[in-house]
Amino acid sequence: MLASIQAVQYMPKPHFMRDLTDLFYEKIQRKARAELGRETGDLGWPPLPRHWRIELGKYLTDHLAQLTYRGVPATYGVLDPDSNVQHIRAHPTVAKAFQQAQDATKLMFQPSKLPMLTKPFWPARYMTLNTELLRQYALAQMSEIRLSGPPPTVLEALHTVSSCAWRVDRAMLRLITDRFNSGGAEHLALPARPRSVERLAPPAPGASRADIAALRREKAAERKAERERYSLWCTELYRLSIADWLKDRPFYLPHNMDFRGRAYPMPPHLNHMSCDLSRSLLRFNNAKPLGERGWRWLRIHAINVADLGKKLTNAERLDMADSLLPDIIDSAERPWTGRGWWQNDEAPWQTLATCSEILAAARHPDGPERYVSSFPVHQDGSCNGLQHYAAMGRDVAGALAVNLRAVDRPQDVYQAVVDLVESTRVADAAQGHAVAQSLQGYVVRRTIKQSVMTTVYGVTEYGAIQQILARLKDAEFPSEMRHKAAAYLAKLTLSSIGRIFTSATHIQHWFTDLAKDVAKLRQASIQWRTPLGLPIVQPYPPDPVKQSNAFPPNFVHSLDSCHMMLTALECQKFGVTFAAVHDCFWTHPCDVDAMGRICRQQFVQLHSKPILADLSSHIDRVFSFRQSELASLSGQKLQAAKRFNSRILQIPDKGDFDLSEVLRSEYFFS
């Protein structure tokens with residue numbers, strides 16, 4: 001069953017089975033009304049029973065056998081001798097016609113690829129389509145969930161984030177679509193309509209084999225690039241066509257989870273976790289007056305989304321927004337013919353949408369505070385993975401670096417690491433270290449930011465070298481010294497992180513050792529339960545390296561999913577609209593203060609639980625060697641088993657950070 005949507009631009013598309021689809025849908029509607037005795041639009045309509053599916057399969061098979069195309073049977077059957085199953089295949093003539101058929105106005109989508117028009121319930125269903133709770137999982141994890149049932153809090157949270165009603169920003173849709181249809185804007189990630197690559201011209205008389213080969217390679221590269229541009233163009237065509245279809249109605253984005261419990265919207269083309277352009281098209285369906293605080297947060301959001309004020313206080317960001325008001329208004333009024341301030345930002349489309357909302361509020365006849373806004377404002381965690389590590393380890397210095405403590409100015413963990421690295425480099429250079437001397441002026445925030453950011457994901461020294469190598473290349477560092485310089489900086493960067501996050505580093509090493517031992521000694525994947533009770537099993541082969549590298553980031557991601565879910569449920573209690581992109585939380589401008597307070601409270605509540613002790617108990621119960629097992633071992637295997645048993649119980653020591661400080665932190669969000 002497919003959904004038909006008007007395309008915003010011409011799109012070649014096969015339409016061979018459209019009539020058959022309509023017949024299928026009519027029959028399914030009749031059967032549903034007859035057996036259920038109610039309209040199929042009822043939210044409680046269950047999935048199709050098996051006997052329905054068998055009957056409808058026969059119905060479709062019969063119709064396929066009767067179809068002809070220009071006197072040729074549309075299909076033919078092939079019997080598989082091994083399974084004794086007959087496969088239906090399209091006749092080559094029909095298949096060719098199917099590929100060549102063009103529909104200039106319609107795009108066809110599976111309903112599961114589209115947002116829902118009615119509020120979903122969990123398990124979320126698109127009428128007749130079942131959806132999985134998890135999108136990626138190990139069989140052992142799903143077996144455990146089916147045995148004990150999904151945790152009620154997790155299901156309730158999924159229902160909450162899935163029930164957020166959205167609508168399309170019509171003004172942004174019109175502006176983007178017009179530009180898309182008139183040639184795109186490559187510098188804004190809005191691709192132009194693809195063109196056909198000319199066939200390879202015959203080689204010139206007397207051309208050498210090398211020249212011919214070079215010409216062929218050039219054309220092959222050109223065709224490859226054009227295919228990639230075509231793919232990008234199709235992606236935006238789908239996104240804008242779906243947005244155009246939804247522009248006059250509210251819609252919903254049903255969510256499910258990955259194996260760690262992280263929630264994701266199921267419709268892939270238009271959602272708030274997608275690209276900058278996709279996010280710029282979305283508004284909440286309900287609107288609220290800005291008020292004084294909302295007007296303040298809307299202007300601060302303009303600076304945040306443009307990535308201009310990471311080191312500034314909120315008051316300074318507000319002053320910057322006011323000083324940039326002429327550029328903001330010019331961007332909103334004349335996006336293509338004005339000074340184009342918005343086009344230079346990291347997220348240009350979201351910046352432009354914010355500029356338009358500020359202009360609308362500023363021009364409200366009763367003042368901006370009275371303006372009723374459905375605009376979503378984002379609050380992004382300050383290096384959220386390291387925030388969880390610092391909280392688990394009660395790490396005083398680490399908590400300060402990632403804004404868990406109450407301070408007057410936002411802290412920049414990346415700059416803190418840069419300062420440590422640079423101080424060591426200066427000392428080494430003074431001692432005559434050639435590589436340290438060559439790096440003068442190159443140790444900047446951009447060089448090491450990625451390595452700091454991916455520390456929580458278990459980046460290795462080799463990975464950090466590759467990241468820094470790319471940054472040094474961008475900075476045009478001399479190539480003959482580049483690899484040595486990258487290795488030197490990677491080592492300093494990782495050691496500097498360890499100096500700031502001492503307790504967190506010990507926790508990460510403990511995680512790594514546990515996962516490695518489980519894979520090596522038990523030939524199993526590490527597993528645990530989140531504080532909300534969701535059982536998790538890493539869905540990888542029990543390879544010690546893979547398991548140990550993946551466990552630290554996966555465990556932290558399971559914590560940030562719990563934090564998001566707890567925040568979503570608490571926001572619902574207080575009538576605060578809530579959406580999330582993992583650790584980036586969205587709400588109305590007027591509700592930013594309330595959401596921030598709830599978020600900090602739930603963070604403290606989460607980390608007040610004995611997270612590490614619970615993990616130790618779970619691994620001890622599931623994986624430790626019992627006395628009867630130890631009695632059957634000897635030599636190195638016995639010693640390894642005893643070390644593993646001991647390591648499970650050696651929970652890393654914690655620091656002296658007082659979690660209650662989080663409640664007073666103004667810059668928990670960056």
Side-chain angles (χ1 to χ4, degrees), residues 138 141 258-262 383-395 398-399 402 451-464 494-495 497-532 534-563 583 606-607 609-624 640-641 643-655 657:
Q141 181 179 11
D258 66 9
F259 73 96
R260 301 164 298 189
R262 277 191 144 190
C383 208
N384 183 251
L386 288 173
Q387 285 182 325
H388 284 290
Y389 267 122
M392 279 190 289
R394 302 299 193 271
D395 202 319
V402 291
S451 299
V452 177
M453 191 164 49
T454 54
T455 298
V456 69
Y457 305 114
V459 67
T460 61
E461 186 170 331
Y462 173 79
L494 296 180
S495 64
I497 294 170
R499 288 165 61 185
I500 296 174
F501 296 90
T502 51
S503 299
T505 301
H506 295 154
I507 292 171
Q508 191 173 42
H509 291 162
W510 185 59
F511 286 166
T512 300
D513 291 340
L514 287 177
K516 185 181 294 184
D517 284 347
V518 168
K520 190 174 181 179
L521 301 177
R522 289 302 199 181
Q523 287 78 52
S525 297
I526 191 76
Q527 59 176 264
W528 68 97
R529 281 184 177 269
T530 71
L532 296 184
L534 180 69
I536 297 179
V537 181
Q538 290 197 147
Y540 322 120
D543 172 68
V545 175
K546 177 64 176 176
Q547 288 288 327
S548 60
N549 286 343
F551 179 44
N554 284 338
F555 187 84
V556 172
H557 281 150
S558 73
L559 292 182
D560 79 42
S561 78
C562 291
H563 180 224
D583 62 342
L606 174 66
H607 282 284
K609 299 178 183 294
I611 293 174
L612 298 180
D614 288 347
L615 174 65
S616 172
S617 297
H618 182 84
I619 294 179
D620 182 54
R621 183 172 64 255
V622 176
F623 293 115
S624 67
R643 283 196 301 271
F644 174 51
N645 282 359
S646 176
R647 180 175 287 126
I648 293 173
L649 304 178
Q650 291 173 357
I651 301 171
D653 294 333
K654 295 183 179 182
F657 171 58

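These numbers come from a predicted model, not from an experiment.
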### Query
Can you name the one residue among Gln141, Gln547, Gln527 that meets side-chain contact (heavy atoms from CB on, under 4.5 Å) with Gln538?
Gln547

### Pro531 versus Ile611, closest heavy-atom pair with distance
CG-CG1, 4.4 Å

### Query
Below 4.5 Å, heavy atoms only, C-beta onward: do Ser616 and Leu649 meet side chain to side chain?
yes

### Message
Which heavy atom of Ala138 sits nearest to which heavy atom of Pro539, and what is that distance?
### Response
N-CB, 3.7 Å

### Query
Short question: side chain of Asp560, backbone of Asp583 - any donor-acceptor pair under 3.5 Å?
no

## Note on the structure
Thr505 and Gly498 have their tightest heavy-atom pair at OG1-CA, 3.4 Å

### Query
For His557, does its backbone N or O pair with a side-chain atom of Arg260 as donor and acceptor, under 3.5 Å?
no

## Note on the structure
Here the pair of heavy atoms bringing Gly261 nearest to Ser561 is O-CB, 3.2 Å

#### Entry: Tyr389 and Phe511 aromatic ring geometry - parallel, tilted or perpendicular at 30°/60° bounds
tilted

### Task
Verify side-chain contact (heavy atoms from CB on, under 4.5 Å) between Trp528 and Ile536, making sure each step is shown before the conclusion.
CA-CA 5 Å; Trp528 68 97; Ile536 297 179; 3.5 Å; yes

### Sidechain-backbone polar pair: Asp258 side chain, Arg262 backbone, donor-acceptor under 3.5 Å
yes

### Summary
Rounding to 0.5 Å, atoms CD1 (Ile619) and CG (Asn645) come to a distance of 12.0 Å

## Note on the structure
The reported gap from NZ in Lys516 to CD1 in Ile526 (rounded to nearest 0.5 angstrom) is 13.0 Å

### Query
Quick check: does any side chain N or O of Ser617 sit under 3.5 Å from a backbone N or O of Ala613, one acting as donor and the other as acceptor?
yes

### Message
How about CG on Asp653, more than 12 heavy atoms from neighbouring residues, nucleotides or ligands closer than 6.0 Å, or not?
### Response
no

### Message
For a side-chain contact (heavy atoms from CB on, under 4.5 Å) check, start with the C-alpha distance between Leu494 and Thr460, then their side-chain angles and the critical distance, and finish with the verdict.
### Response
CA-CA 9 Å; Leu494 296 180; Thr460 61; over 6 Å; no

### Minimal non-hydrogen separation, Ala464 against Val459, with atom names
N-CG2, 3.7 Å

### Message
Tell me if a side-chain donor or acceptor on Ser525 pairs with a main-chain N or O of Tyr540 at a distance below 3.5 Å.
### Response
yes

### Summary
To the nearest 0.5 Å, atom CG of Asp513 lies from atom CD of Gln508 at 11.0 Å

#### Entry: N/O donor-acceptor pair under 3.5 Å between Asn554 side chain and Ala550 backbone
yes

### Message
Phe644 vs Val518, test: side-chain contact (heavy atoms from CB on, under 4.5 Å). Steps then yes/no.
### Response
CA-CA 8 Å; Phe644 174 51; Val518 168; 3.8 Å; yes

### Query
So, does Trp510 use its side chain to make a donor-acceptor pair with the main chain of Arg647 at under 3.5 Å?
yes

### Query
Going by an N to O cut-off under 4.0 Å, is there a salt bridge joining Lys609 and Asp614?
no

### Task
Applying side-chain contact (heavy atoms from CB on, under 4.5 Å), run through Leu514 and Ile648 and close with a yes or a no.
CA-CA 7 Å; Leu514 287 177; Ile648 293 173; 3.9 Å; yes

### Task
Please name the pair of heavy atoms, one in His506 and one in Pro652, separated by the smallest distance, quoted to 0.1 Å.
O-CG, 4.0 Å

### Message
Looking at Phe555, is its backbone amide N or carbonyl O close enough to the side chain of Ser558 to form a donor-acceptor pair, meaning the two atoms are under 3.5 Å apart?
### Response
yes

### Whether over 12 other heavy atoms sit under 6.0 Å from Lys654 NZ
yes

### Sidechain-backbone polar pair: Asp517 side chain, Lys520 backbone, donor-acceptor under 3.5 Å
no

#### Entry: Sidechain-backbone polar pair: Thr502 side chain, Arg499 backbone, donor-acceptor under 3.5 Å
no

### Query
Do the two ring centres, one from His388 and one from His607, sit under 6.0 Å apart?
yes

